[in-house]
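If you're wondering where the values come from, they're calculated on a predicted model, not measured in any experiment.
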Amino acid sequence: MVAVNNAQGMMGFWTDITEHYVLRCQEWHNCEHMVERTGVPGFLVGRRYRGTGDAPMFFISYETTDAGVFKSQAYIDRLNDPSEWTKEALTHFNNNIRNIYILLAGSGRQAPQEAPYALLYRFNLPAGEEQELVDWYGSELVPALQAVPGVFRVRLWEVEDEISNINYAEKEIDGRGPGEQKYLTYVEMSLPDIHKGEEWQAVLKASPHAENLAKLKNVYEEVSWLEFVMYSPDVP
């Protein structure tokens with residue numbers, strides 16, 4: 001068994017649900033879909049967040065032992081054989097983004113009873129400087145941000161293009177596709193506005209953080225609150 005803190009792969013899914021179907025969608029996701037997904041070998045935990053402000057209505061994440069789980073036969077079989085309830089639900093998904101990620105760096109541990117808020121940054125890096133900036137981001141910025149009071153864990157993820165673009169039946173229903181940003185910073189925190197506080201901002205403004213952050217491209221920021229979580233029965 002692998003502890004959930006050791007997840008090396010993740011699926012990130014952003015979506016807006018047709019307003020009149022939201023409650024029915026939550027029932028489906030809680031009672032059927034997450035049960036099914038977290039039962040696939042290699043899955044560790046699934047979480048659903050509710051977006052705030054201009055963020056998509058929902059952000060859904062599934063963490064796995066490694067990204068290869070998302071191309072395993074057991075998982076692909078599920079994607080190609082959606083239940084009738086899944087077929088119904090997916091017709092109400094809109095503006096969908098789905099990416100498979102590999103973990104590049106992380107600092108901290110998940111909250112003992114789940115972090116109530118997630119701060120997400122999606123971004124790209126300039127060609128020719130990617131590896132240098134990834135190394136800096138993972139080794140210096142990630143631990144500095146995790147040290148801010150109220151932050152439980154900070155992780156940097158990178159899109160795995162090949163697995164993200166695998167075709168299957170569920171994709172044909174809701175038209176999901178990869179987003180334009182290659183990198184994702186996933187911050188678990190105790191309050192929704194920690195990133196606006198003095199200590200967080202001091203980290204961002206410190207040299208060389210300010211200079212390197214100015215190089216990030218296509219940056220998208222969102223805050224969501226945790227609505228539902230389910231662990232695999234195999235997680236200790």
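- Residue I97 is grouped with residue Y49 when hydrophobic side chains (ILVMFWY) are merged at heavy-atom distances under 4.5 angstrom, including chains of intermediate members.
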I'd like to know whether Y101 forms a ring pair (Phe, Tyr, Trp, His ring centres under 6.0 Å) with Y62, so could you lay out the CA-CA distance, the side-chain angles of the two residues, the decisive distance to 0.1 Å, and finally the verdict.
CA-CA 10 Å; Y101 294 94; Y62 290 101; over 10 Å; no
Run the side-chain contact (heavy atoms from CB on, under 4.5 Å) check on I194 and V148 step by step: do they pass?
CA-CA 8 Å; I194 287 174; V148 173; 3.9 Å; yes
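- Counting heavy atoms from C-beta outward, K182 and E130 have side chains that approach closer than 4.5 Å.
- Looking at every heavy atom in both residues, Y186 comes nearest to A118 through CE2-CB, 4.0 Å.
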What's the verdict on side-chain contact (heavy atoms from CB on, under 4.5 Å) for H33 and T86, showing C-alpha distance, side-chain angles and the deciding distance?
CA-CA 7 Å; H33 200 65; T86 295; 3.9 Å; yes
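- The minimum heavy-atom distance linking Y117 with V223 is given by the pair CD2-CG1, 4.5 Å.
- Residues L141 and V203 form a side-chain contact, since some pair of their non-hydrogen atoms from C-beta on lies under 4.5 Å apart.
- Of the possible polar contacts, one joining the Q146 side chain to the F152 backbone as a donor-acceptor pair under 3.5 Å is found.
- A heavy-atom distance below 4.5 Å is not found between the side chains of Y121 and L213.
- In this structure, the separation between CZ on F13 and CG on N96 is 4.0 Å, given to the nearest 0.5 Å.
- A donor-acceptor pair is defined here as one N or O able to donate and one able to accept, closer than 3.5 Å; no such pair exists between the side chain of N80 and the backbone of Y168.
- Minimum heavy-atom separation, A105 to G138: CB-CA, 3.5 Å.
- A donor-acceptor contact shorter than 3.5 Å is absent between the side chain of E221 and the backbone of L120.
- Separating the CE atom in M34 from the CZ atom in R47 is a distance of 9.0 Å, to the nearest 0.5 Å.
- N94 places a side-chain N or O within 3.5 Å of a backbone atom of H92 that can act as its donor or acceptor partner.
- The side-chain heavy atoms of M189 and L119, taken from C-beta on, include a pair separated by under 4.5 Å.
- For E19, the CD atom counts as loosely surrounded, since its 6.0 Å shell holds 12 or fewer non-hydrogen atoms of other residues, nucleotides or ligands.
- A salt bridge is absent between E170 and R98: the closest approach of a Lys/Arg side-chain nitrogen to an acidic carboxylate oxygen does not fall below 4.0 angstrom.
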Kindly determine whether M230 and R37 satisfy side-chain contact (heavy atoms from CB on, under 4.5 Å), including the steps that lead there.
CA-CA 10 Å; M230 182 174 290; R37 291 301 196 252; over 6 Å; no
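- Hydrophobic clustering (side-chain heavy atoms under 4.5 Å, transitive across Ile, Leu, Val, Met, Phe, Trp, Tyr) groups V69 together with M11.
- Under the 4.5 Å side-chain contact rule for hydrophobic residues, V151 and L103 do not share a cluster.
- With K171 contributing its side chain and I166 its backbone, the two residues share a donor-acceptor pair below 3.5 Å.
- Under the 4.5 Å side-chain heavy-atom criterion for grouping Ile, Leu, Val, Met, Phe, Trp and Tyr, V35 is connected to W28 within one hydrophobic cluster.
- How far CZ of F58 is from CG of D16: 9.5 Å, rounded to the nearest 0.5 Å.
- Here the side chain of S107 pairs no donor or acceptor atom with the backbone of V142 at under 3.5 angstrom.
- Nearest heavy atom pair, residue F93 against residue A89, reads CD1-O, 3.2 Å.
- E199 is listed as a side-chain neighbour of P149, based on a closest heavy-atom distance under 4.5 Å.
- Once rounded to the nearest 0.5 Å, the distance linking CG of N167 with CD of E172 reads 6.5 Å.
- Side chains of T65 and N6 form no contact here, defined as non-hydrogen atoms less than 4.5 Å apart.
- Here the shortest heavy-atom pairing between H195 and Q201 reads O-NE2, 2.6 Å.
- Using a cutoff of 4.0 Å between basic side-chain nitrogens and carboxylate oxygens, E180 and R122 are not scored as salt-bridged.
- No side-chain donor-acceptor contact under 3.5 Å links D66 to the backbone of G9.
- The CD atom of E162 sits 5.0 Å away from atom NZ of K71, with the distance rounded to the nearest 0.5 Å.
- E132 contributes atom CD, which lies 7.0 Å from atom CG of N212 (distance to the nearest 0.5 angstrom).
- Side chains of W14 and E222: a donor on one and an acceptor on the other come within 3.5 Å.
- The aromatic rings of Y137 and F123 sit parallel, their planes meeting at an angle under 30°, below the 60° perpendicular limit.
- Under the 4.5 Å side-chain contact rule for hydrophobic residues, I102 and L133 do not share a cluster.
- Looking at D81, its side chain never comes within 3.5 Å of a backbone N or O of D77 through a donor-acceptor pair.
- Closest heavy-atom contact between P82 and I173: CG-CD1, 4.3 Å.
- Between E27 and W85, some side-chain heavy-atom pair lies under the 4.5 Å cut-off.
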side-chain contact (heavy atoms from CB on, under 4.5 Å) between L125 and K215, worked out:
CA-CA 7 Å; L125 295 172; K215 298 178 182 180; over 6 Å; no
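- By the 4.5 Å heavy-atom criterion applied to side chains, Q110 and E63 are not counted as neighbours.
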